[in-house]
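Below: one structure, written as structure tokens.
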Amino acid sequence: MDAAGQLPLRVGFVGAGRMAQAIAQGLIQAGKVEAQHVLASAPTDRNLCHFRALGCQTTHLNKEVLQSCSLVIFATKPHVLPVVLTEVAHVVTAEHILVSVAAGVSLSILEEEGAMVIARGRHARGSETKLLQNLLEACGWCEEVPEAYVDIHTGLSGSGVAFVCTFSEALAEGAVKMGMPSDLAHRIAAQTLLGTAKMLLHEGRHPAQLRTEVCTPGGTTIYGLHALEQGGLRAATMSAVEAATGRAKELSRK
């Protein structure tokens with residue numbers, strides 16, 4: 001028990017891939033939960049070794065996670081989740097808070113097994129949503145949204161990581177083309193993205209405002225922006241988010 005006489009929060013992960021690892025590491029590093037109170041399950045040891053390295057408990061039995069933990073995060077592949085939910089349904093109680101981070105899985109599917117996500121289902125209470133938000137904020141920004149936004153978020157943020165990496169790579173390769181060493185170019189490109197993101201988030205400005213401030217008349221930036229517009233960067237990026245969102249919706253219908 002903790003200082004207040006309450007049992008410590010036990011967090012379980014069904015599925016031990018990169019998403020689960022990132023969330024677990026964030027919760028532990030932020031002091032939201034102790035490593036010894038985290039239990040992860042997976043069919044093999046391939047990913048469970050990463051949890052053990054964090055000091056977490058592991059198992060090959062999904063139902064053991066439900067039997068040991070009150071907050072359970074399902075981080076399986078989308079097509080696997082319905083099977084897993086059916087497998088563990090008999091050990092789910094009204095005291096469980098069940099969360100899915102699987103792309104393309106609707107609330108109606110989750111609610112058949114009594115599950116709740118940050119896009120709140122019929123059975124999720126406000127206190128449970130607040131608890132989840134508080135925990136996940138250890139891993140980054142977290143907000144409750146309507147379910148209709150979940151697939152869009154997948155296309156924007158989930159897939160957006162790959163889009164941003166592609167742009168960062170292209171940005172660095174442009175510098176390599178002009179004569180800069182590759183390692184240096186990639187470090188500068190990544191730092192440029194990081195610095196820009198911090199300014200947008202911390203100062204709360206619209207991207208167009210910041211872009212205008214660094215774009216002097218007749219200067220280098222406006223020439224570069226003109227080249228990006230000629231190459232269709234803006235339209236291609238919008239189409240990428242649209243395509244990824246569409247795929248997430250397709251997965252939810254399967």
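On a predicted model such as this, the values are computed, not experimentally measured, just so you know.
Here the closest heavy-atom approach between residue Ala20 and residue Gly15 is recorded as CB-O, 3.4 Å. Across all non-hydrogen atoms, the minimal contact from Ser41 to Asn62 is OG-OD1, 2.8 Å.
For Thr192, the side chain to side chain contact (heavy atoms under 4.5 Å, CB included) partners are Ile188, Thr196, not counting sequence neighbours. Qualifying side chain to side chain contact (heavy atoms under 4.5 Å, CB included) partners for Ala175, counting only residues two or more places apart in sequence or in other chains: Met180, Ala185. Remark: Ala208 pairs with His206, Arg211 by the side chain to side chain contact (heavy atoms under 4.5 Å, CB included) rule, at least two apart or across chains. The side chain to side chain contact (heavy atoms under 4.5 Å, CB included) test applied to Thr44 returns Arg46, not counting sequence neighbours.
Here side-chain hydrogen bond (donor to acceptor under 3.5 Å, both in side chains) pairs that include residues 213-239, with residues two or more places apart or in two chains, are Arg205-Glu213, Glu229-Arg234. Within the structure, ring-ring contact (aromatic ring centres under 6.0 Å, His included) pairs that include any residue of residues 16-65 comprise Phe13-Phe51 (at least two apart or interchain). Residues in residues 158-169 take part in no side-chain hydrogen bond (donor to acceptor under 3.5 Å, both in side chains) pair, two or more places apart or across chains. Each side-chain hydrogen bond (donor to acceptor under 3.5 Å, both in side chains) pair with one or both residues in residues 172-190, not counting sequence neighbours, would appear here, but there are none.
Hydrophobic cluster of Phe167: the remaining members, joined at side-chain heavy-atom separations below 4.5 Å, are Val164, Leu171, Leu193, Leu225, Leu228, Leu233, listed by chain and number. Residue Val161 belongs to no hydrophobic cluster, having no ILVMFWY side-chain heavy atom closer than 4.5 Å to its own. Through direct or indirect side-chain contacts shorter than 4.5 Å among Ile, Leu, Val, Met, Phe, Trp and Tyr, Met199 is connected to Leu200, Leu210.
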Checking Asp45 against Leu48 for the side chain to side chain contact (heavy atoms under 4.5 Å, CB included) test, could you report, in this order, the C-alpha distance in whole Å, the side-chain angles of both residues, the deciding distance, and whether it holds? CA-CA 5 Å; Asp45 286 333; Leu48 291 178; 3.9 Å; yes
Pairs of donor and acceptor atoms involving the side chains of residues 63-74, under 3.5 Å and at least two apart or interchain, shall be tabulated with distances.
unit_1: Glu64; atom_1: OE1; unit_2: Thr59; atom_2: OG1; d: 2.9
unit_1: Ser68; atom_1: OG; unit_2: Glu64; atom_2: O; d: 2.9

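Residues Leu81 and Val92 fall within the same hydrophobic cluster, defined by Ile, Leu, Val, Met, Phe, Trp and Tyr side chains chained together at heavy-atom separations under 4.5 Å.
Side chains of Thr245 and Asp151: a donor-acceptor N/O pair is absent below 3.5 angstrom, by distance only.
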